[in-house]
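Since the structure comes first, as structure tokens, the remarks are kept for the end.
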Protein chains: 2
Amino acid sequence: MLSVELSCKSEYALLALIELAAHYDTGEPLQIRQIAAQQNIPDRYLEQLLATLRRGGIIRSQRGAKGGYTLAREPWKINILDVIICLDGLENQPKDQDNDTQNDKTVEGAVILEIWQEAHHAANEILQKYTLQDLRDRRDSRQQLDFMYYI
Amino acid sequence: MLSVELSCKSEYALLALIELAAHYDTGEPLQIRQIAAQQNIPDRYLEQLLATLRRGGIIRSQRGAKGGYTLAREPWKINILDVIICLDGLENQPKDQDNDTQNDKTVEGAVILEIWQEAHHAANEILQKYTLQDLRDRRDSRQQLDFMYYI
DNA sequence: GTATACCCCGGTTTTCCACTGGGGTTTAGT
DNA sequence: ACTAAACCCCAGTGGAAAACCGGGGTATAC
């Protein structure tokens, strides 16, 4: 219910977004197939994730032949927390029904929840300070390094 | 695989530990039944969690009639991260086999993992700075407040 | 010696995640 | 217009992990 986990979903989405960020300069859309092949992601699954990202305003889509996906804004204006919230959080609604039965509003439960929210907040601050541009840059310099070692 | 989540398991364990911390002064052990009834936890499940906490050195057990559980050390010497690591982490071994097949060591995956570990670390620092004593104190002052509002 | 309470270990149920499939609809190119 | 390429929507399926239950054993106070 209140988690900061690196799931397949998050990882796949970020991998795809790194690709989109890398091709952002060209202005051309990228197709699901290309991304999926590049990053070894099941394409039908990736399709769902991209649909979610689109509804969340992270990416834009172009339908029809020669269509595909592009980032909705510049890579340095999309941070990782945006992505995570879009994927997991969009339908974590208030859900404050069931107030007739004391669902679990014990004092102890509230105290624990409080601390968890604090931890959760600390993690979110980290995720918020990194953008897709940062991911792309890190990827590039890392690959540069690998090449240096190779020769 | 790398998560900071408030699961049932964690919450149950912490609720039980708050009870044990509250009764720590008496020196008397608390029985599973009492804790389970107090905090509305399925007792057979709580038994498993307490067994794990015992193996992790968080609590001690006394067998036989008039037995039960007590904290293994003072409430202010047990922080929340200790508890979480004991519950989830004890058997998250290295598991660095499968280096013949490149399991998923892509450059992009490594970059993402790096950032996630940083976020994870930030959350752990929060969990580490709160002890069972803190939980107990917060519970008590919260209950005091509720009473003030009631009259 | 007996009741009490922990101990161990295996099974069941439930829930959720990763993944798949079958249709549709929009659009570029001819 | 026609067709093919691509996204769109929604409804499943399989498997694994989490939550939970039960049976029989063992230590200990009285």
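Labels below follow one simple rule: chain letters A, B, ... track the order of the sequence lines, proteins then strands, and each chain is numbered from 1. Just the heavy atoms: all of them, side chains too, but no hydrogens, waters or symmetry mates, feed the values below.
Contact of the B/R60 side chain with the B/R54 side chain is not registered, since no non-hydrogen atoms from C-beta on lie closer than 4.5 Å. At least one side-chain heavy atom of B/L71 sits less than 4.5 Å from a side-chain heavy atom of B/P75. Side-chain contact between B/S10 and B/V83 is absent, with no heavy atoms from C-beta onward closer than 4.5 Å. Within the 4.5 Å cutoff, the side chain of A/L30 has no heavy atoms near those of the A/T70 side chain. Counting only heavy atoms from C-beta outward, the side chains of B/V111 and A/L14 never approach each other to under 4.5 Å. For the pair B/E28/B/H23, no side-chain contact is recorded, criterion being any heavy-atom separation below 4.5 Å from C-beta on.
Put simply, A/R44 has no side-chain N or O that comes within less than 4.0 Å of OP1 or OP2 on D/dC8. One finds a side-chain N or O of B/R55 lying less than 4.0 angstrom from the OP1 or OP2 phosphate oxygen of C/dC8. At C/dA5, none of the side-chain N or O atoms of B/S61 fall inside 4.0 Å of OP1 or OP2 (strictly under the cut-off). Taking side-chain N and O atoms only, A/Y69 has a distance below 4.0 Å to OP1 or OP2 of D/dC8. Dashed line: the shortest gap from a side-chain N or O of A/Y12 to OP1 or OP2 of C/dC19 is under 4.0 Å. Look at B/S7 and you won't find any side-chain N or O under 4.0 angstrom from OP1 or OP2 of D/dA18. Contact check, B/R54 against C/dC7: a side-chain N or O comes under 4.0 Å of OP1 or OP2.
Computed from coordinates, the A/E47 CD to C/dG22 P distance equals 14 Å when rounded to whole Å. Following rounding to the nearest Å, A/Y45 (OH) and D/dC8 (P) show an atom-to-atom distance of 18 Å. Rounded to whole Å, atom P of D/dC21 lies 12 Å from atom CG of B/L46. As a whole-Å value, the separation of A/L6 CG from C/dC17 P is 14 Å. With rounding to whole Å, B/I41 atom CD1 is found 16 Å from D/dC21 atom C1'. What separates CD1 of A/I59 from C1' of D/dC8 is a distance of 13 Å, to the nearest Å. In this structure, CG of A/L49 is placed 15 Å from P of D/dC9, rounded to the nearest angstrom. Note: CG (A/L87) to P (C/dC17) measures 12 Å, nearest angstrom.
Contact of A/Q48 with C/dG21 (side chain to base): no donor-acceptor pair of N or O atoms is detected under 3.5 Å.
When the C1' atoms of four end pairs are superposed on the next four at each end of the helix from C/dG1-D/dC30 to C/dT30-D/dA1, using five pairs per end, the two resulting axes differ in direction by 10°, to 10°.
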>> Quick one, B/Q38 with A/T106, criterion side-chain contact (heavy atoms from CB on, under 4.5 Å). Give me CA distance, side-chain angles, the key distance, then yes/no.
In response: CA-CA 11 Å; B/Q38 192 85 12; A/T106 71; over 6 Å; no

> Is there a side-chain contact (heavy atoms from CB on, under 4.5 Å) between B/R33 and B/D43 once you walk through the steps?
Replying inline: CA-CA 6 Å; B/R33 295 283 176 81; B/D43 48 359; 3.7 Å; yes

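Between the side chains of B/Q62 and B/Y69, no donor N or O sits under 3.5 Å from an acceptor N or O. No side-chain donor-acceptor contact under 3.5 Å links B/R136 and B/Y24. A side-chain donor from one of B/Y130 and A/E118 sits under 3.5 Å from a side-chain acceptor of the other. B/Q34 and B/Q31 share a donor-acceptor pair across their side chains, judged by distance under 3.5 Å alone.
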>> Treating primed atoms plus P, OP1 and OP2 as sugar-phosphate and everything else as base, which nucleotides of nucleotides 25-30 of chain D get B, S or - for protein heavy atoms under 4.0 Å?
In response: BBBBSS

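Of all the residues in residues 19-39 of chain B, B/Q31, B/I32 reach under 4.0 Å from DNA chain C with at least one non-hydrogen atom.
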